[in-house]
Student: 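Provided herewith is a single structure, encoded as structure tokens, for subsequent inquiry.
As a basis for the values below, the full set of heavy atoms in this structure was taken, side chains included, without hydrogen atoms, waters or symmetry mates. Order of the sequence lines fixes the chain letters, A, B, ..., with proteins taken first and strands second; residue numbering starts at 1 for each chain.
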Amino acid sequence: MPIALVDCNNFYVSCERMFNPKLEGKPVVVLSNNDGCAVSRSNEVKALGIKMGEPWFRMKDISKQHGIIALSSNYTLYGDLSARVMATLANFSPQQEIYSIDECFLDLGGFDPKTLAEYGQKIRKTVKRNVGIPVCVGIGDTKTLAKLANHCAKKGLSGSDGVCDFGQLNSQRRSELFSSIPVGEVWGVGRKITEGLAKLNIKTVEDLRRASPEYLRQQFSIVLVKTVNELNGIPCIELEEAGTPRQQIMVSRSFGSSVSALDGLSESVAHYTTRAAEKLRRDGSIAASICVFIRTNPFREKDEQYSRSIVVPLLQSTDDTTKLVKSALIGLKSIYKPALNYAKSGVLLMGLHEKGSAQRTLFDDPAEQPRSDKLMYVLDSINQKMGKDSLTIGASGTKQRWAMRRELKSQNYTSDINELLEAW
DNA sequence: ATGCTCCTGCGAA
DNA sequence: CTAACGTTCGCAGGAGCAT
């Protein structure tokens, strides 16, 4: 059963180029939050040898030399364009799994196997024309093979022009191709496992494909065995369609500059909890506990280091921002240590379950739940109508000096008419 | 021996 | 001028505990 993996090329950079064509043909990087390090690179930047995750301050010199254009990440824009790409791709298959912001799997079972490469080209042309984003298509009998085929398509391996269909290869050609690909390119094989495999002299995809599953099970984990099966065309990882809500919700950020006082940390924690609670309500879930963490900057080795977290159980599972914030701030107070340079804080909502299934406590006030629901409904409605944080809780503060740096951000072209006009 | 919860490591984008 | 290094999610598996 063939599966396609469609992946956008240099997605964030491609989004920026769509609304600013002057960036076309030039070296462009998009930076992570806080303008920290490279998370998306144009081909020109890759050619200069700049690696994924390279810190911005360390590439400033080479950037000046080659006129690299750096941009802060603009998730409002990328999220919006992602939704357009996914909606377009949904037309090409009855079953779609949106795997990340820039890629999805499509079930191509039932299509004529001989025409799949052609179909892949049609997908590419349609997305490019309708949305403006370039994509590559990989096709294989399992999700792992589809991912690998996509890698080949991106690299232009085995004569592929943006589309690679492993179904077209006979076993001889496939072996040759797999022998030329380092094992670390396989989905599920990261740094550690690549190291471990190298010790066993398993270095290419072909080496891994032919390795003994029993031996790998003993040396590694069941996950790697599944990967090997998938490389051999035996499906072990199902296509998952949307529906199952998340099991945990994390919101955390590094600060724009370090924070020492409890006040500043409290504001940040209240703010992240507000964001997390919004996601929670969007999922239709409630949380049983909230974890709060703070930490100093491990890269500043001269600073005293400190990293603590605490789980605060809620008396009753809830999706109420005010209750979650109260608990989070109690937790924060208990782990706060004065006179340190904190670099980051965050919250994690845990023990999530469906809202309908709330366990009630013996001493419930029956009027309380509807009151809370009504308040959250009003809060969400106003913010949806008037914009994020039009109405928010006082504990988040107003100055937010800890807010992250985004000095190089482009406009919100697709979600704010004034910013679009400004860009013209 | 079995089943849980909590925590860490790993991988992914 | 200096210092400046991301975020969010799931899964596996071991430790620790209770039964």
Side-chain angles (χ1 to χ4, degrees), chain A residues 5-12 29-41 50-61 63 70 72-73 75 78-79 82 97-105 143-144 147 150-151 183-197 217-218 220-227 236-238 240 244-258 272 275-276 279-280 283 288-289 291 293 295-303 307-311 313 341 343-352 404-408:
Chain A
L5 187 273
V6 186
D7 192 315
C8 302
N9 301 348
N10 315 332
F11 182 53
Y12 299 168
V29 284
V30 173
L31 303 174
S32 65
N33 281 345
N34 259 323
D35 297 340
C37 41
V39 291
S40 181
R41 303 160 295 156
I50 290 172
K51 296 273 182 302
M52 191 70 167
E54 180 75 9
W56 170 232
F57 74 92
R58 275 213 311 246
M59 54 189 187
K60 267 194 179 159
D61 276 353
S63 278
S72 304
S73 39
Y75 283 100
Y78 312 150
S82 170
E97 174 186 341
I98 297 175
Y99 177 71
S100 75
I101 192 164
D102 77 330
E103 60 188 302
C104 76
F105 291 100
K143 285 165 80 169
T144 304
K147 289 279 284 186
N150 189 279
H151 165 79
V183 74
E185 298 296 341
V186 173
W187 188 37
V189 180
R191 214 189 64 223
K192 289 282 179 184
I193 295 179
T194 302
E195 277 174 34
L197 289 171
R217 175 66 192 89
Q218 172 211 322
F220 298 91
S221 76
I222 190 72
V223 183
L224 191 60
V225 176
K226 287 185 184 175
T227 297
C236 297
I237 307 170
E238 294 298 310
E240 289 168 40
T244 38
R246 288 168 285 200
Q247 296 168 29
Q248 52 177 224
I249 293 172
M250 160 94 92
V251 177
S252 73
R253 293 280 179 281
S254 298
F255 302 134
S257 55
S258 72
Y272 303 154
R275 289 283 95 82
K279 295 186 187 184
L280 188 67
D283 283 3
S289 58
C291 171
F293 73 88
R295 70 159 174 77
T296 53
N297 185 347
F299 293 103
R300 281 172 60 153
E301 290 169 16
K302 276 169 275 178
D303 275 15
S307 173
R308 282 284 292 278
S309 71
I310 186 170
V311 178
N341 295 321
K344 181 174 181 172
S345 73
V347 300
L348 178 60
L349 301 182
M350 308 190 311
L352 306 194
M404 66 179 172
R405 285 187 306 274
R406 288 165 95 186
E407 287 161 8
L408 311 162

Student: With sequence neighbours excluded, tell me which residues meet side-chain hydrogen bond (donor to acceptor under 3.5 Å, both in side chains) with A/Asp303.
Tutor: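 By the side-chain hydrogen bond (donor to acceptor under 3.5 Å, both in side chains) rule, A/Asp303 matches A/Arg300, A/Asn341.
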Student: For the residue pair A/Tyr99 and A/Trp187, does the interplanar ring angle fall in the parallel (under 30°), tilted (30 to 60°) or perpendicular (over 60°) class?
Tutor: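 Judged by the thresholds at 30° and 60°, the geometry between A/Tyr99 and A/Trp187 is perpendicular.
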Student: List for me each residue that meets salt bridge (charged side-chain N to carboxylate O under 4.0 Å, His left out) alongside A/Lys226, sequence neighbours excluded, and say none if there are none.
Tutor: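 Not a single residue meets the salt bridge (charged side-chain N to carboxylate O under 4.0 Å, His left out) criterion with A/Lys226.
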Student: Going by heavy atoms closer than 4.0 Å, what residues in residues 51-59 of chain A are next to DNA chain B?
Tutor: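 Close to the strand, none.
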Student: Is it true that a side-chain atom of A/Ser32 and a backbone atom of A/Val39 form a donor plus acceptor pair closer than 3.5 Å?
Tutor: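 A pair under 3.5 Å: no.
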Student: Please identify each residue that fulfils side-chain hydrogen bond (donor to acceptor under 3.5 Å, both in side chains) with A/Thr227, with sequence neighbours left out.
Tutor: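 So A/Thr227 forms no side-chain hydrogen bond (donor to acceptor under 3.5 Å, both in side chains) with any residue.
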Student: Return whichever of A/Lys279 or A/Arg405 has its heavy-atom-nearest nucleotide of DNA chain C closer to the 5' end.
Tutor: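 Nearest-nucleotide comparison on DNA chain C picks A/Arg405.
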Student: State which residues pass side-chain hydrogen bond (donor to acceptor under 3.5 Å, both in side chains) with A/Tyr272; sequence neighbours excluded, sorted by chain then number.
Tutor: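 For A/Tyr272 there are no side-chain hydrogen bond (donor to acceptor under 3.5 Å, both in side chains) partners, ignoring immediate neighbours.
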Student: Base, sugar-phosphate alone, or nothing: which one does A/Val186 contact when heavy atoms must sit under 4.0 Å apart?
Tutor: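 Since only primed, P, OP1 and OP2 atoms lie under 4.0 Å of A/Val186, the category is sugar-phosphate.
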Student: Return yes if some donor-acceptor pair links the side-chain N/O of A/Ser289 with the main-chain N/O of A/Val311 below 3.5 Å, else return no.
Tutor: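 The answer is no, because no donor-acceptor pair under 3.5 Å joins these two groups.
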Student: When the axes are fitted on five pairs at both termini, how much does the helix from B/dA1-C/dT19 to B/dA13-C/dT7 curve, in 10° steps?
Tutor: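 Inter-axis angle at the termini of the helix from B/dA1-C/dT19 to B/dA13-C/dT7: 10°.
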Student: Where does the chain A footprint on DNA chain B start and end, counting 5' to 3' with a 4.0 Å heavy-atom cut-off?
Tutor: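 Contacts span B/dC10 to B/dA13, reading 5' to 3'.
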Student: Are the side chain of A/Arg41 and the backbone N or O of A/Ile50 linked by a donor-acceptor pair below 3.5 Å?
Tutor: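 A pair under 3.5 Å: yes.
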Student: Taking salt bridge (charged side-chain N to carboxylate O under 4.0 Å, His left out) as the definition, give me every residue that meets it alongside A/Arg58, ordered by chain and number, with sequence neighbours left out.
Tutor: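 Salt bridge (charged side-chain N to carboxylate O under 4.0 Å, His left out) check on A/Arg58 returns A/Glu54.
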Student: Does A/Asp7 have any salt bridge (charged side-chain N to carboxylate O under 4.0 Å, His left out) partners at least two apart in sequence or in another chain, and if so, which?
Tutor: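 Once residues adjacent in sequence are excluded, the partners of A/Asp7 under the salt bridge (charged side-chain N to carboxylate O under 4.0 Å, His left out) criterion are A/Lys154.
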Student: Using atom types as modelled and distance alone, determine if a side-chain donor or acceptor of A/Ser73 lies under 3.5 Å from a backbone N or O of A/Tyr75.
Tutor: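 No: the side chain of A/Ser73 does not pair with the backbone of A/Tyr75.
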Student: Chain A on DNA chain C: first and last contacting nucleotide, 5' to 3', under 4.0 Å to a heavy atom?
Tutor: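 Listing 5' to 3', DNA chain C meets chain A from C/dA4 to C/dG13.
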Student: Partners of A/Arg275 by salt bridge (charged side-chain N to carboxylate O under 4.0 Å, His left out), sequence neighbours excluded?
Tutor: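 By the salt bridge (charged side-chain N to carboxylate O under 4.0 Å, His left out) rule, A/Arg275 matches A/Glu278, A/Asp389.
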Student: Could you measure between the two P atoms, the one in B/dA13 and the one in C/dC5, and give it in whole Å?
Tutor: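 25 Å, rounded to whole Å.
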Student: Using side-chain contact (heavy atoms from CB on, under 4.5 Å) as the criterion, point out the one residue from A/Leu31, A/Val30, A/Val29 that pairs with A/Leu408.
Tutor: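 The passing option is A/Leu31.
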Student: Considering residues, nucleotides and ligands other than A/Glu301, do more than 12 of their heavy atoms fall under 6.0 Å from its CD?
Tutor: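 Check fails, neighbour count at 12 or below.
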Student: Compare every heavy atom of A/Val347 with every heavy atom of A/Ala276, then report the nearest pair and how far apart it is.
Tutor: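 Closest heavy-atom pair between A/Ala276 and A/Val347: CB-CG2, 4.2 Å.
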Student: In terms of the nearest nucleotide of DNA chain C, which residue is placed more toward the 5' end: A/Gln247 or A/Lys60?
Tutor: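 Its nearest nucleotide being more 5', the pick is A/Lys60.
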Student: A/Arg406 near the nucleic acid: base, sugar-phosphate alone, or nothing, with a heavy-atom cut-off under 4.0 Å?
Tutor: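 Nothing: the residue A/Arg406, judged by heavy atoms under 4.0 Å, touches no strand.
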Student: What residue among A/Asn297, A/Asn34, A/Asn33 forms side-chain contact (heavy atoms from CB on, under 4.5 Å) with A/Ser254?
Tutor: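 The residue from A/Asn297, A/Asn34, A/Asn33 that satisfies side-chain contact (heavy atoms from CB on, under 4.5 Å) with A/Ser254 turns out to be A/Asn34.
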Student: At a heavy-atom distance below 4.0 Å, what parts of residues 30-41 of chain A sit against DNA chain C?
Tutor: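 Those residues whose heavy atoms fall under 4.0 Å from DNA chain C, taken from residues 30-41 of chain A in numerical order, are A/Ser32, A/Asn33.
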Student: Contact class for A/Phe11 vs. all strands (heavy atom < 4.0 Å): base, sugar-phosphate, or nothing?
Tutor: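 The answer is nothing, as A/Phe11 stays clear of every strand by at least 4.0 Å.
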